[in-house]
Amino acid sequence: MTTEIPKQYDPAAAEARWFPYWESRGDFNANAPQPGDPHPKPPHVIMIPLPNVTGALHMGHALNGTLQDLLTRWRRMQGYEALWMPGTDHAGIATQSVVEKRMLEEEGLTRHDIGREALVQRIWTWKDAYEKRILSQLKSIGASCDWRRVRFTLDEVCSRAVRQTFFKMFKDGLIYRGKRLVNWDTFLQTAVADDEVYEEEVDGHFWTMNYPVVNEAGQPTGERISFSTTRPETMLGDTAVCVHPTDERYTHLIGKRVQIPVNGRLIPIIADALLADKTLGTGCVKVTPAHDPNDYACWTRNQEAMGEPINLLNSNGTLNENGGKWEGLDRLVARDAVVAEMETLGHFEKVEDRKIPLKHSDRSKTPVEPYLSEQWFVKMETLAQAAIDAVLDNRVTFYPERYRSSYLDWLGEKRDWCISRQLWWGHRIPVWSVDQPDESSAAALKQQLESDPRFDRDQIELTVHTTTTAGGGTTLQACLATDDSAWITQLEGAGFKRDEDVLDTWFSSALWPHATLGWPDQEHNPPLDGHADASSTGRNEVLPYFYPGSVLVTSRDIITLWVARMVLTGLYNMGDVPFKHVCIHPKIQDGFGQTMSKSKGNGVDPIELIEKYGCDGMRFTIASFAGETQDVRLPLGYECPHCQGIIPQEPHHLKFKPGKPKIKCSKCKKESQYATPNYLPDEGELVARIVIERFENGRNFCNKLWNAARFAMMNLEGYTPGVVALAPLAPALRGEGPGVRGELQQGLDSLLSTATEPTATDGNVRSEAGKTPHPHPLPAEPGRGDVAIEDRWILSRLATVTDEVTSLLNLYKFDAATRSLRDFVWNEFCDWYLEMIKPRLRDEILRPDAQRVLVGVLDTTLRLLHPFTPFITEELWQRLKEIAPVRGLPAPVAATEAMIIAPWPAGMEDWRDPALETRFQRLQELIVAVRNVRGTYNISPAVAVSTSVRCSAEIASDLNQVKPQFELLAKATLTAAGPEVTRPTASASFSLGDADGFLPLEGLVDLQAEVARLKKEADKLRGFIGGHEKKLSNQSFIDRAPPEVVVEVRETLAGLQKQLGSLEAAIVELSGEA
RNA sequence: GGACGAUUAGCUCAGUUGGUUAGAGCGCCACGUUGACAUCGUGGAGGUCGUUGGUUCGAGUCCAAUAUCGUCCA
């Protein structure tokens, strides 16, 4: 077995092997406890930020997914019933427009050509393909979701929650119909969302004109008020002119009226500090609330003075009846007509050419018009307040804390939530309405329907709605709780028509945390794999067990859109928050600081990187980026398929028209096609694939771990489990005296004879039944015997790292956790511990205990790493199971069947020994100092050198304990150590303050060079000493600094001076100079 | 326009409540294939911490101003 371990870790093989293994074992499944379970596990719940089905996932999703999987695996190991709920979002406008766009490009068809049903059908086909792709990408990153529970926001489970919530809100009077300015595409005659418009500068004009001020009788006073505009035709819909309240040019006019010359309407002069700017133009602006967002906002502040907004447009962009004699003209034609009329009437002042930033529809490429239209709203006052309170009293906590203000500020505005969208893809609004001549007839019809014996208030709600604006009427609205209601036929027979609009996507995703757990169904567990949960007992056990969730992991841009709304609906429907923590992680950017996104074309498919660097390498790297401050910049390159040279990505690589662009390698000058999300390379073509050097980190780390484990396994021949008490080794091996070790050995013997699976052994949350006694502390007092100092050291370090990683994960500081682990594995376990135990592994007497500690440390290390790098750790765990199925410290136990269910390390506090770590550090410094001398003089490893060390008896004792290790690591023989050591002639030397080392190097080293080197060292020291002396000679430092700081500086200075003394002595001896 | 974040080595980033000589990975230089690992080992070079003021015995860290970049909101 041992000889079969390859020298390189093969990620693809491990990934292919272990994911299906975990799935088949059901390790990802999370279930509510069986009724009557006396010791149920506590739940840990993460709801995935549902990716939308518009396109495939990129590295931003990979980061998001990695962190959630990491937390889920970690909590699972800690003994929680860890649920990670997967699913996808229908993403209304984004998905519909992608499908429409493609249909138009490929078939020249619009949605009006094929109709609502056919379009929706096509989108379902798209959804099926991309959902499949997305879920497979998630699995590729190792996602341990409970895949039986996959949900989609338009599926029957989520739809039921949406309908129930809408109905409940409608009944509670929280939903109303009102006006709102939208971006109107006059060409396609539809509203487009804010993220579906782009801004572009166009050539336009900037007209200055004036309105005459009139007196109370409506007669001109002779005064005029000037303003400028780029859209003169909107003056037909003006409802005010506005000045700044402190603008002295106009203060006397505030409250007076002006007349619009082209239609004679009188409108007030109002003061509004937000809209008017004294420093711009005339300082006065006209206000057209129905056709400008800023004006509309102004109207909401000054409704009484202004009256209702006046809509000027038909849906096709021509003027409506409010356009007067220009009714029916296109708005652009009307513009010139209005200007001409103003000029004729003598109110035109000037015009200049100007570049005007104008919003365009991404879908028709035509300018959009702000357009006042009827929409559905949710009243936010009480809902928002509840969500604010939940954060204020810390029922929901943000990590990092600063994001709490984004959430609170936004909710604090309590702006009503516009939930309708003029789309076909989504949850259709469940309201039917019929026009009525007036309120009394509407009320009569309402009463008639409600008196029907089949009328059910839990299924249908009726309200009378009267539009206040001109031209509006009265309607009777019926909201139905389900689509299978018999009332649909009845209502439609009575002339009711269903609303054409669908709900905002966020309305359904806001319900995600409870909808996916089956709400509002209180009688059945939510379905598994599309089938009813066979274990259902007549109650929904899943919802109360898994709600509220534990933590939401997401990025900051949807704190308002999604996080706030989940809290709000969770409180509304469930009476409790949906999660306790919100972990906000960085955003992934490309090499130029642009956020990675599908629409920018700079998205990198995680699969590309997984193939190149391995899943674990990708995960470990990306987790190492997930800190609290900065976004993650990923400069990428293309690997030339001809010479494997790296071609750095430049901005122009992302900007190209559809086609087959080529990239030229600067090294071999050959061209090749390159990978982009926007096209597929030609069949058989050599493609320059995306590489991101930063991911080599994770790949290399995995390989290092692999080889460390490989080394361990190659040296486990003859391994036997045994208690390691770090008592004197030889007597114990001879069976002399039972002691602590004897007791533990007895315990082990009985364990081996009975148990196959370990009971819980840690300080985690395992149930009472699973508790075992606290592991015995390792006796660690120095001088106890010939215990290997490196064993105690590595265990002390392991205990520290375990504690660090656990604490860091509790705070979602993933980057620091990976650093801690990497440093431990690479710089401590590999560089020092493995090197130091090599002599013992070759010694028959010492080998058994060295093996036991080694395998114990490896076991714990793998457990610490598993959440970060699941595949390699499972692979190693399974291999280790073959060689050392019973292992662990201090008393071995049978390892778990699978890595994924191994307990998280805990309860090792007693192993920590800071004093020992300090002593060990001194040994390391001695070894480095010797290497340093070798390095400086470039002495080949083949040349033998010897070292003597002048130091305290204590250090000498440590040094002698590890003499073989010292010699191996320093590549020098230790000839003497102790206070009596004297300096040999013609030797190189180093000084550490409390230890001086001497290396006789006659013939190897130019003594002049050594003198020069030492002098340089001494000069450097003098600089430091000077700094310290200056500090100590400063009386206010002595007086004001804390005493312990002063003492510390004194001690450091003394050490530096001693070190300098040794150096100076060496210089004198070598050079004969004073 | 408002809020938040960033600016530290050639690159990408750490730096906990202010306290010895500011760290890591990659890259670079030199040496090395010694029985885990060249996706490696050993040693080395490289930074007046964006700028300007201030507080303090002491500032990468705290305060103010300023510049540049990014994100969200309007």
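Only heavy atoms go into these numbers, but all of them, side chains included; no hydrogens, no water, no symmetry mates.
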Quiz item: Where along residues 808-821 of chain A does a heavy atom fall under 4.0 Å from RNA chain B?
Solution: A:R819

Self-check item: Pairing partner (Watson-Crick or G-U wobble, both distances under 3.5 angstrom) of B:G18
Solution: none

Quiz prompt | Short side-chain N/O contact from A:Q630 to OP1 or OP2 of B:A14, under 4.0 Å | solution = yes

Quiz item: In the strands shown, is B:C13 matched to any nucleotide by a Watson-Crick or G-U wobble pair with both distances under 3.5 Å, and which?
Solution: B:G23

Exercise. Apply the side-chain contact (heavy atoms from CB on, under 4.5 Å) test between A:D590 and each candidate in A:I692, A:N602, A:L634, A:V604; give the one that qualifies.
Key: A:N602

Exercise. I would like to know whether A:Y812 and A:L67 meet side-chain contact (heavy atoms from CB on, under 4.5 Å); could you show each step before the answer?
Key: CA-CA 9 Å; A:Y812 307 105; A:L67 299 185; over 6 Å; no

Exercise. Only one of A:D557, A:D631, A:N64 passes side chain to side chain donor-acceptor pair (under 3.5 Å) with A:K587; say which it is.
Key: A:D557

Quiz item: Using the C1' atom in both, what is the distance from B:U71 to B:C28, to the nearest Å?
Solution: 35 Å

Practice problem: Go ahead and name the base partner of B:U34; Watson-Crick or wobble counts if both distances stay under 3.5 Å, otherwise write none. | Solution: none

Quiz item: Mind checking who B:A6 pairs with, Watson-Crick or G-U wobble, both distances under 3.5 Å?
Solution: B:U68

Self-check item: Presence of A:R415 side-chain N/O under 4.0 Å of B:A74 phosphate oxygens OP1/OP2
Solution: yes

Exercise. Just do the side-chain contact (heavy atoms from CB on, under 4.5 Å) check on A:I622 and A:F695 with the steps written out, would you?
Key: CA-CA 8 Å; A:I622 203 102; A:F695 284 89; 4.0 Å; yes

Exercise. Please determine if a side-chain N or O atom of A:N932 lies less than 4.0 Å away from the OP1 or OP2 oxygen of B:G44.
Key: yes

Quiz prompt | Identified ring pair (Phe, Tyr, Trp, His ring centres under 6.0 Å) counterpart of A:W706 within the set A:F711, A:F871, A:Y9 | solution = A:Y9

Quiz prompt | Integer-rounded Å distance: B:U39 P and A:L609 CG | solution = 19 Å

Atom pairs, protein N/O to nucleotides 30-32 of chain B N/O, distance under 3.5 Å:
{"unit_1": "B:A30", "atom_1": "O2'", "unit_2": "A:N938", "atom_2": "ND2", "d": "3.3"}

Quiz item: For A:K838, does the NZ atom sit with more than 12 other heavy atoms under 6.0 Å from it, leaving out its own atoms?
Solution: yes

Exercise. Mark yes when over 12 heavy atoms from residues, nucleotides or ligands other than A:E413 sit less than 6.0 Å from its CD; otherwise mark no.
Key: yes

Self-check item: Non-hydrogen atoms of A:L969 and A:D831 that approach each other most closely
Solution: CD2-O, 4.3 Å

Quiz item: Say you pick atom P in B:G50 and the same atom in B:A45; how far apart are they, in whole Å?
Solution: 24 Å

Exercise. Walk me through it: do A:E917 and A:R797 pass the test side-chain contact (heavy atoms from CB on, under 4.5 Å)?
Key: CA-CA 8 Å; A:E917 289 191 23; A:R797 293 297 311 138; 3.3 Å; yes

Quiz item: Between A:W562 and A:W506, what is the ring plane arrangement, given parallel below 30°, perpendicular above 60°, and tilted in between?
Solution: tilted

Exercise. Could you tell me whether A:D416 and A:R180 make a salt bridge, using a distance below 4.0 angstrom between a side-chain N and a carboxylate O?
Key: no

Quiz item: What is the distance, rounded to the nearest whole Å, between atom CG of A:L1032 and atom P of B:U20?
Solution: 14 Å

Practice problem: Would you please confirm or rule out a distance under 4.0 Å between OP1 or OP2 of B:C13 and any side-chain N or O of A:S624? | Solution: no

Quiz item: Which part of the nucleic acid does A:P1042 contact within heavy-atom distance under 4.0 Å: base, sugar-phosphate only, or nothing?
Solution: base

Self-check item: Nearest-angstrom distance from the residue atom CZ of A:R556 to P of B:A6
Solution: 11 Å

Exercise. Using only side-chain N and O atoms of A:W706, determine if any of them is under 4.0 Å from OP1 or OP2 of B:C40.
Key: no

Quiz item: Pick the nucleotide of RNA chain B nearest each of A:G1027 and A:K704; which residue has the one closer to the 5' end?
Solution: A:G1027

Quiz item: Is the phosphate of B:C40, meaning OP1 or OP2, less than 4.0 Å from a side-chain N or O of A:N700?
Solution: yes

Practice problem: Using the C1' atom as the reference point in each nucleotide, state the distance between B:C26 and B:C40 in Å, no decimals. | Solution: 15 Å

Quiz item: Base, sugar-phosphate, or nothing for A:K971, non-hydrogen atoms under 4.0 angstrom?
Solution: base

Exercise. Searching all strands shown, indicate the nucleotide that pairs with B:U61 (Watson-Crick or G-U wobble; both distances under 3.5 Å).
Key: none

Quiz prompt | Spacing of the P atoms in B:A59 and B:G19 (rounded, Å) | solution = 11 Å

Quiz item: Can a donor-acceptor pair under 3.5 Å be found between the side-chain atoms of A:K7 and the base atoms of B:C37?
Solution: no

Quiz item: Considering only the P atoms, how many Å lie between B:U42 and B:C37, rounded to the nearest integer?
Solution: 14 Å

Practice problem: Go through the steps to decide whether A:Y407 and A:V391 satisfy the test side-chain contact (heavy atoms from CB on, under 4.5 Å), and finish with yes or no. | Solution: CA-CA 9 Å; A:Y407 173 98; A:V391 166; 3.1 Å; yes

Exercise. Under a 3.5 Å limit for both distances, which nucleotide forms a Watson-Crick or G-U wobble pair with B:G1, could you say?
Key: B:C73

Quiz prompt | Euclidean distance, atom CH2 of residue A:W410 to atom P of B:G2 [Å, nearest integer] | solution = 22 Å

Quiz item: Nearest-Å distance, CZ (A:F829) to P (B:C37)?
Solution: 15 Å

Self-check item: A:I559 CD1 - B:U71 P separation (whole Å)
Solution: 15 Å

Quiz item: With respect to the phosphate group of B:U34, does any side-chain polar atom (N or O) of A:K838 fall under 4.0 Å of OP1 or OP2?
Solution: no

Quiz item: If the C1' atom of B:G46 is compared with that of B:C4, how far apart are they to the nearest Å?
Solution: 34 Å

Self-check item: Integer-rounded Å distance: B:G19 P and A:R1050 CZ
Solution: 20 Å

Exercise. Taking atom C1' in both B:A22 and B:U48, compute the distance separating them and give it to the nearest angstrom.
Key: 12 Å

Quiz item: Got a donor-acceptor pair under 3.5 Å from the side chain of A:Q8 to the base of B:A38?
Solution: no

Self-check item: B:G47 - base-pair partner by Watson-Crick or wobble geometry, distances under 3.5 Å
Solution: none

Self-check item: B:U51 and B:U8, which share atom name C1', separated by this distance in whole Å
Solution: 15 Å

Exercise. Whole angstrom is fine here: how far is it from CD in A:E967 over to P in B:U42?
Key: 19 Å

Practice problem: Would you indicate which nucleotide in B:G41, B:G70, B:C73 comes nearest to any side-chain atom of A:Q589? | Solution: B:G70

Self-check item: Closest to the A:H1028 side chain, choosing from B:G27, B:G41, B:U21
Solution: B:U21

Quiz item: Should A:D843 and A:R840 count as an ion pair when the cut-off is N to O under 4.0 Å?
Solution: no

